[in-house]
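Down below is the structure, laid out as structure tokens.
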There are 4 protein chains.
Amino acid sequence: MRLLMVGDIVGSPGRKALKENLPKIKRSHHPDAIVVNGENAAEGRGITRSISREFFGMGVDCITLGNHAWDKQEIFDFIDSEHRLVRPANYPKGTPGRGYSLCRVGKKNLVVVNLMGRSFLSNLDCPFRTADAILDQLEGTPFILVDIHAETTSEKQALAWYLDGRVSAVIGTHTHVQTADERILPKGTAYLTDVGMVGPYDAILGMNKDLVLKKFLTQLPVRFEVGMGRTQFNAVLLECDSQTGKAVQINRVRIDDDHPWFE
Amino acid sequence: MRLLMVGDIVGSPGRKALKENLPKIKRSHHPDAIVVNGENAAEGRGITRSISREFFGMGVDCITLGNHAWDKQEIFDFIDSEHRLVRPANYPKGTPGRGYSLCRVGKKNLVVVNLMGRSFLSNLDCPFRTADAILDQLEGTPFILVDIHAETTSEKQALAWYLDGRVSAVIGTHTHVQTADERILPKGTAYLTDVGMVGPYDAILGMNKDLVLKKFLTQLPVRFEVGMGRTQFNAVLLECDSQTGKAVQINRVRIDDDHPWFE
Amino acid sequence: MRLLMVGDIVGSPGRKALKENLPKIKRSHHPDAIVVNGENAAEGRGITRSISREFFGMGVDCITLGNHAWDKQEIFDFIDSEHRLVRPANYPKGTPGRGYSLCRVGKKNLVVVNLMGRSFLSNLDCPFRTADAILDQLEGTPFILVDIHAETTSEKQALAWYLDGRVSAVIGTHTHVQTADERILPKGTAYLTDVGMVGPYDAILGMNKDLVLKKFLTQLPVRFEVGMGRTQFNAVLLECDSQTGKAVQINRVRIDDDHPWFE
Amino acid sequence: MRLLMVGDIVGSPGRKALKENLPKIKRSHHPDAIVVNGENAAEGRGITRSISREFFGMGVDCITLGNHAWDKQEIFDFIDSEHRLVRPANYPKGTPGRGYSLCRVGKKNLVVVNLMGRSFLSNLDCPFRTADAILDQLEGTPFILVDIHAETTSEKQALAWYLDGRVSAVIGTHTHVQTADERILPKGTAYLTDVGMVGPYDAILGMNKDLVLKKFLTQLPVRFEVGMGRTQFNAVLLECDSQTGKAVQINRVRIDDDHPWFE
Ligand SMILES: [Fe+2]
Ligand SMILES: [Fe+2]
Ligand SMILES: [Fe+2]
Ligand SMILES: [Fe+2]
Ligand SMILES: [Fe+2]
Ligand SMILES: [Fe+2]
Ligand SMILES: [Fe+2]
Ligand SMILES: [Fe+2]
């Protein structure tokens, strides 16, 4: 099974870049399933029903989220009914939506799990124990992709080692910068600390750089806006053994003006 | 001018990996100057006089530091007299040591600046204004390498955009994971969010993974120890225009069992 | 010189409680000057020009602020021209407004300084060194009141000991809960870790308690609103020697249904 | 039932002050049970078996803890067998020790619960839900004292409102500064944001003030030591209805050179 995981899509430039780049990757790599992180899809904060439909219309199978999941109030209207939308599973019991979802991929099932780190983020339930509880329920499912949405490299690496051999891949999101440490851990779990973002290239995490700089320099409240201009596209391709679900290959995808795509 | 910047060297495995890999890179790439981040060189926390001499003996021209600079009490005995040792410049006035240093590279001068981010780290002076103050003093020096030691991707990117065109390169350290976003910004400053670490490969940021996992799972005090076994080496090669100091090329270096080095 | 320092005034219930209680205290204690913290005066976040005028109209001599100073955009229109409005002095150079102000009290001058702590708050300049710089400029002024707006008890106590004998009083704000540790430090500086707030009594820091509880329980975004119902009034009375400015007395004022005021 | 809750006892000066002041309070107020927070009892960090025995020998019925519970390694040797020692209940399942304990008070039972806040502290389980789970198990027990060990005033107030009418009292610890907001909430739960500490009076949270100041001023690692000299004693007296367990009175106790004790 070949999976494409795409990082945090930021605002309309991110959505446009997704639309442009997804077909190219489909043509050359034929992923069996596509997962994108959509927490920043609507003006950099949150996601709407129409944007999620836009993504599904492009062939996306599942959308994961993160700390910005709830920034558009509208999410509460459709998250319960849209089973292809997954929010961090370690929000407390009773939180709207679901923490993992099952996608049909040909004759197989892919489970997509979303977890959130706690270091420098929210006070959620333990992501390690939440992962255990989910895996207990999935007994026997070999294809499991975990999006670990977290700030620190240590919490992400810790989760990957904790889940090594129990899931197909642990892929990080949230920092909006792709890391170069893709690898397959000893027991067969593919790992990448962060897949990076999709959206403005000449910006700071996708947001207008002058505004972010103003914030750092003045420490005053600044209303961030999505950046403009040319874009970047960051993703990762995963190949899993069709029987065991173990990862056999992991390749980063980076497309921007400095790294053009050759088909 | 060709520069090699090597990321946080963690403990004795890191020092050993530096010793093994530096000669290979020298042979094939002939860097004019070598800078390493040494904040974790002594058992994962701090640096000693003998370790710094060990590094200089290997051909290192300058050692940068970070939040762990002070973990070995011994540093206070030699940081003032060792001009090739640079600690974050935005520690308050009166802090032992220096925040930037001038290295002789052939007939030219290279200035190495160390700055530390504040987000989720220490309460230091503003790194942006500190950079301004240093650059004011350096008027006319074209070759300037900035090691920005910080937790968040946003603070690092912000500093890079802030200094674009004013320094040769802004290279991040501290997260111990190499990022894949190397680029040359529009006005000629090379940038990489994090260069990554040198040390244990099957570990969490270089520390024994069972201990770090224990910390995350129990939230109890755990004494971390440097990991063991095979190692990784992460660095970046920078090529600067010999007249203007502007970056003309930036290439990441990653050496581990999954990415062997071919000479 | 007798000073009344009133804690963070929260929303319209806070303004109403100020209006009701100030006359009583004036009648019985005749303060020479009145200082209030106004960072939460407008709907719990920020302050407006009309609210600041309302306060001055009640006999307030000076308004201090804090991290919420900037929450009403309007502040930027009048902070530069209103010399009785003081924002934390350790915001970076170039920040609108002023960090200390001189009030005329009879034939004497009272200097009101506002400083902000950094622990778990913003990345500002060092409050200790900023205090030093201000005191250098005030050489010879004996009546100095410092509002230290900070989260942790340690940072507030540290500043008080640091300034002991150099200012008349160091009074904390920001936590919205009055502390019971009023004292005069050995060299003559009056100290109270936090003066407490003015506003809703059956609320959480003055905000609607159901909303704050919802935030803690769900970890989802919640829009806080100022609480309703009966109110509390917290302040502190300071008596300073009319020659030296040293504190000779410090008394807490707490008025609520459980602590009615007897004139 | 009359309860005495004593705040964080800091080091040997704190233990000495406890020994001196406890008999006075016993003589004049005859508490039925005495609870102390012991997280800082051993050199300011943690507690030992011999110190806990010392406390029990003075008539202490139960010792609560906090984030510093684990600082003396020795705790792991006796916390499981000492049922009068209570650590925060919301540490993850499997943590040594217990989160609440039952003390025999005459012919009645007092349950002492310890909970820890998460804001700016550790990544523990939800203290609100943990409280619910404990109260479910205690169905029918009227005398329940909750020590909420937390940094922020908001999290402490939130817990108090959440538990109002379900426990006899919610008393805060951790900030080491007594607050002046004691009250009985509408449904009968006594509340105090922080009871304060026992130990050095001319210090910062009980630690040597020069060392803490050095830390704030230099941002370098500083090894804190317990302060010396005269001491303070902070506690709270609670009176609960002997049938319903509801609080009927709450009085703060503060003893130091500025507030001498009159029998
Ligand atoms: Fe994101
Ligand atoms: Fe995020
Ligand atoms: Fe490091
Ligand atoms: Fe570091
Ligand atoms: Fe406030
Ligand atoms: Fe505040
Ligand atoms: Fe404590
Ligand atoms: Fe504590």
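By convention in this document, chain letters (A, B, ...) are assigned in the order of the sequence lines, proteins followed by strands, and residues within each chain are numbered from 1.
Remark: D:Arg118 fails to qualify as a cation-pi partner of D:Phe120 under the 6.0 Å distance and 45° angle criteria applied to the six-membered ring. For the pair D:Arg183 and C:Tyr201, the cation-pi test (distance below 6.0 Å, angle within 45°) is passed.
How far CZ of C:Arg252 is from CD1 of C:Ile171: 11.5 Å, rounded to the nearest 0.5 Å. With rounding to the nearest 0.5 Å, the separation of NE2 in C:His29 from CD in C:Glu239 is 10.0 Å. Note that the CG atom of C:Leu135 and the CG atom of C:Leu163 stand 6.0 Å from one another [nearest 0.5 Å].
The shortest distance between side-chain heavy atoms of D:Met5 and D:Leu145 falls below 4.5 Å. For the pair D:Val35/D:Leu3, no side-chain contact is recorded, criterion being any heavy-atom separation below 4.5 Å from C-beta on.
The choice from C:Pro186, C:Gly196, C:Ala203, C:Ser154 that makes the most heavy-atom pairs within less than 4.5 Å of chain D is C:Ser154. If you tally non-hydrogen atom pairs under 4.5 Å between each of D:Asp194, D:Asp202, D:Leu159 and chain C, the highest count goes to D:Asp202. Counting heavy-atom pairs closer than 4.5 Å to chain C, the top residue among D:Ile184, D:Thr193, D:Val177 is D:Val177. Note on C:His176, C:Glu155, C:His259: by heavy-atom pairs under 4.5 Å with chain D, the leading option is C:Glu155.
For the salt bridge (charged side-chain N to carboxylate O under 4.0 Å, His left out) test, no residue two or more places apart in sequence or in another chain qualifies with C:Asp164.
Only the side chain of D:Ser119 comes within less than 4.5 Å of a heavy atom of chain C; its backbone N, CA, C and O stay farther away. With a 4.5 angstrom heavy-atom cutoff, C:Asp258 touches chain D only via side-chain atoms.
Within residues 122-130 of chain C, the residues that have a heavy atom under 4.5 Å from a heavy atom of chain D are C:Phe128, C:Arg129, listed by number.
A distance below 6.0 Å separates the ring centres of C:Trp70 and C:Tyr91.
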